[in-house]
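Here's the structure we're looking at; comments come further down.
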Amino acid sequence: AQSVTQLDSHVSVSEGTPVLLRCNYSSSYSPSLFWYVQHPNKGLQLLLKYTSAATLVKGINGFEAEFKKSETSFHLTKPSAHMSDAAEYFCVVTSGTYKYIFGTGTRLKVLA
Amino acid sequence: DVKVTQSSRYLVKRTGEKVFLECVQDMDHENMFWYRQDPGLGLRLIYFSYDVKMKEKGDIPEGYSVSREKKERFSLILESASTNQTSMYLCASSFPIWAGSYGYTFGSGTRLTVV
């Protein structure tokens, strides 16, 4: 069975400081992992994906995530937050089926 | 620019009405999906389709049906709308898994309010 847990429902950071959004997963098979971002009243946009290649994955807008099998984690980071990063972020896992399992989301607030 | 287009951004319908939500993609994707998104619950899969005229139930299919007569179009139908179906509905499409896990492409969503 697969599952994904986003450890924080809300995260607040100051503009220019680092961002860390945490995600743990559970999967019986080699997973593919994704991070999506959703801005208010918009659909979800793919930020980055891990599909068994390099464990450090770089995405759009300066975000990156590291796949750590020993910790079953796939945390999303960014060195310096920008006001435009304020959004909701979803961690997603799949294990070779059609079905993607979504986390419940982390809402990122960026303070001026 | 590749797209998944949902026909309505906002809809208000009355209880008991039959509601159609339309989704069209221009990427020649085999798979198409309907999710609903509710605060604190994340995204929940209603139905998906892996080919024309093929459909599979997701996690919460009750009260919904779907139609896929053409590859590019996937419709979600609320047979008799109820207030507990007030939600954001998201359509997505993707290549089949055997083509690689490239992720979904999502539409912008339809916010449905049933009164």
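The structure presented is a predicted model; accordingly, all values stated were derived computationally and were not measured.
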In terms of hydrophobic clustering (I, L, V, M, F, W, Y; side-chain heavy atoms under 4.5 Å; direct or indirect links), are A:V37 and A:I60 co-clustered? yes
Hydrophobic cluster mates of B:V24, side-chain heavy atoms under 4.5 angstrom, ILVMFWY only, any path? none
Select one option (side chain, backbone, both, neither) describing which atoms of B:L43 are under 4.5 Å from chain A's heavy atoms. both
Step by step, work out the ring-ring contact (aromatic ring centres under 6.0 Å, His included) result for A:Y36 and B:F106. CA-CA 10 Å; A:Y36 283 84; B:F106 280 90; 5.5 Å; yes
Let me check something: any side-chain donor-acceptor pairs from residues 8-20 of chain B under 3.5 Å, sequence neighbours excluded? List them with distances.
residue, atom, partner, partner atom, Å
B:R9, NH2, A:N41, O, 2.2
B:T15, OG1, B:V115, O, 2.9
B:E17, OE2, B:R14, N, 2.7

Of the backbone (N, CA, C, O) and the side chain (C-beta and beyond), which part of B:D38 lies under 4.5 Å from a heavy atom of chain A, both, or neither? neither
At what distance, to the nearest 0.5 angstrom, does OG of B:S108 lie from CD of A:Q45? 10.5 Å
So which bits of residues 104-112 of chain A come within less than 4.5 Å of chain B, counting non-hydrogen atoms only? A:T104
Same hydrophobic cluster for B:F48 and A:F34, using side-chain heavy-atom links shorter than 4.5 Å among ILVMFWY? yes
Give me each pair satisfying disulfide bond (SG atoms under 2.5 Å apart) with a member in residues 1-83 of chain A, each pair once, sequence neighbours excluded. A:C23-A:C91
Applying a strict 4.5 Å limit to non-hydrogen atoms, the region of A:Q38 in contact with chain B is side chain
Quick check: is A:W35 connected to A:V11 through a chain of hydrophobic side chains (ILVMFWY, heavy atoms under 4.5 Å apart)? yes
Is A:L33 linked to A:L7 within one hydrophobic cluster, defined over Ile, Leu, Val, Met, Phe, Trp and Tyr using a side-chain heavy-atom separation of less than 4.5 Å? no
Is A:L44 close to B:Y104 at the side-chain level, that is, under 4.5 Å between some pair of heavy atoms? no
With rounding to the nearest 0.5 angstrom, report the CD1 to CG distance, A:I101 to B:L45. 8.5 Å
Would you say B:I60 ends up clustered with B:L78 if hydrophobic residues are merged whenever their side chains have heavy atoms under 4.5 Å apart, either directly or through other cluster members? yes
Ring centroids only, cut at 6.0 angstrom: are A:F102 and B:Y35 within range, meaning strictly under it? yes
Using non-hydrogen atoms and a 4.5 Å limit, figure out which bit of B:Q37 sits close to chain A: side chain, backbone, both or neither. side chain
